[in-house]
Number of protein chains: 2
Amino acid sequence: MPRTTTRRRRTPNPATPAGERVLAVAAELFYAHGIRAIGVDRIADEAGVTKKTLYDRFGSKDALVAAYLGRREEVWQKHLHARLAASGTSGAERLLLVLGIASDWADKNERGCAFVNAHAEIGGTDHPGNAVIRADKEYMLRLFVDLAREALSGERPGSAGPGDAGPGGAGRGECDAGAGRPDDGGPDPETIGRQIHLLYEGALTAHTTGVQPNAFATARSAAAALLAR
Amino acid sequence: MPRTTTRRRRTPNPATPAGERVLAVAAELFYAHGIRAIGVDRIADEAGVTKKTLYDRFGSKDALVAAYLGRREEVWQKHLHARLAASGTSGAERLLLVLGIASDWADKNERGCAFVNAHAEIGGTDHPGNAVIRADKEYMLRLFVDLAREALSGERPGSAGPGDAGPGGAGRGECDAGAGRPDDGGPDPETIGRQIHLLYEGALTAHTTGVQPNAFATARSAAAALLAR
DNA sequence: AGGTAACCATACTGGTCGGTATACTCGCAG
DNA sequence: CTGCGAGTATACCGACCAGTATGGTTACCT
């Protein structure tokens, strides 16, 4: 019974009761006040845990931050797909529903996108959390592109396999994303998906900063217009 | 000859050589590394100034942060209008040019929108910088709405005055911003301006986080499509 | 001549930062 | 019964935090 290398655990796994409490408290405080604004002492205190335990579980504050972001991504994606699956929608409706779900989510998470906020603090460094941020952004972009493809191809609920995609390199080119000329003939799903992704990202910040309280409704109407061309 | 109450200056004005140096250094460091990541000691050091001088000019770190944001807003708005005025464009072209200017700006400012980043760190508090953030966001929204109005008044009938609007309070409703239904008849300029503002905000974060390197080109094509409906 | 604004330099406060060290207790599985 | 993982408690480290105190040096403006 090879129990995953029972011995020798250099990088600790935080899946213990105390570790869970730490992660829960860290998630709440980091999100509400920012990463740099919260010290490990306070997290340990509010989790009812000693600093030693915190460091035994996570190794460093940076690792704890990365764990916080990873947990956040996991929860959001699970929530999103649960509501998406329960809706039974398809085609354009399904794509627009994503904006509706994000709207509800944003109402309950008044500090906005945790990944954008974290990027403001740790972006441009070699912080381990950056990988998680990038992964989430990439994921949402792909989701919108895939849903746009389904919406425009006569609504096929099929898996549509995006072709492994793979992490690959950073820049991929996408060759100008269809300039400004009114190519009314047929804007490809990739472009429309990317456009709607921008509406999604924009609605998140516009909603959070308070400039556009109804940002998601506005984004929805714009997305519908882009799909209906 | 009342020279603005020559005596008694409780709130200092930072318009002195040393003050300018402090502000310049602060702007660079705050933008590049974040507000909480930079201490006043380092700012004073790199500006070749003592901490005493820094506090004589600005009073507190929070006030210095607010000054940094104010300066940033000023520079951006001046740059934007200079390029806008030099272009001689009008109508839809003029609106799309804003996205082009923002694209160039974003290429030179790789850490993204200073106000979004600052909001991630001080949002939700009573920090004096929040007023500046809000003002900038509001300004860009108004700009897009006004330009959308100009762009659409030249080709579409029924100007449909939105009714004074005015600054008023925070929430203004805007009554659902035209839900999802395909009201192809005529989307009002206010709504289109708001939609394009979302594209602008989204492009900023998508470009900065690296998910969409060509975010502004994509935003441009989407904005053109929304205007050409 | 004297006042004052704008600077310099050094030193200090009380607190917090991320991270480590030491030593002890508990429950469980070999 | 022993060894170990998970946890407790306390104390410590050097560095940095925002902000203040004291005192001295220019240069300009009445």
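On a predicted model such as this, the values are computed, not experimentally measured, just so you know. Quick note on labels: first sequence line is chain A, next is B, and so on, each numbered from 1.
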* To do: Let me know the distance between CG of A:Asp56 and P of C:dT25, rounded to the nearest Å.
  => 18 Å
* Asked: Taking atom CG of A:Leu199 and atom CZ of A:Phe216, what is their separation to the nearest 0.5 Å?
  -> 10.5 Å
* Under 4.0 angstrom, heavy atoms only, what part of the nucleic acid is B:Ile38 near: base, sugar-phosphate, or nothing? -> sugar-phosphate
* Structure fact -> Between CG of B:Asp41 and P of D:dG14 the distance, given in whole Å, is 19 Å
* To do: In whole angstrom, give the distance that lies between atom OH of A:Tyr55 and atom C1' of D:dA6.
  => 19 Å
* Structure fact -> B:Ile35 atom CD1 is separated from D:dC17 atom C1', nearest whole Å, by 16 Å
* To do: Can you tell me the distance, in whole Å, between the NZ atom of B:Lys51 and the C1' atom of C:dC12?
  => 10 Å
* Asked: Under the 6.0 Å and 45° cation-pi test, does B:Arg194 pair with B:Phe144?
  -> no
* **DNA chain D: 5'-proximal contact among B:Lys52 and B:Ser60 (nearest heavy atom)** => B:Ser60
* Asked: Distance-only, no hydrogens or angles: does the B:Asn117 side chain make a donor-acceptor pair with backbone N or O of B:Tyr31 under 3.5 Å?
  -> no
* **cation_pi(A:Arg72, A:Phe115) dist<6.0 Å, angle<=45** => no
* Asked: Atom CZ of A:Arg21 and atom C1' of D:dA6: how far apart are they, to the nearest Å?
  -> 11 Å
* Could you please name the option among C:dC8, D:dG7, C:dG19 that lies closest to any side-chain atom of A:Thr16? => D:dG7
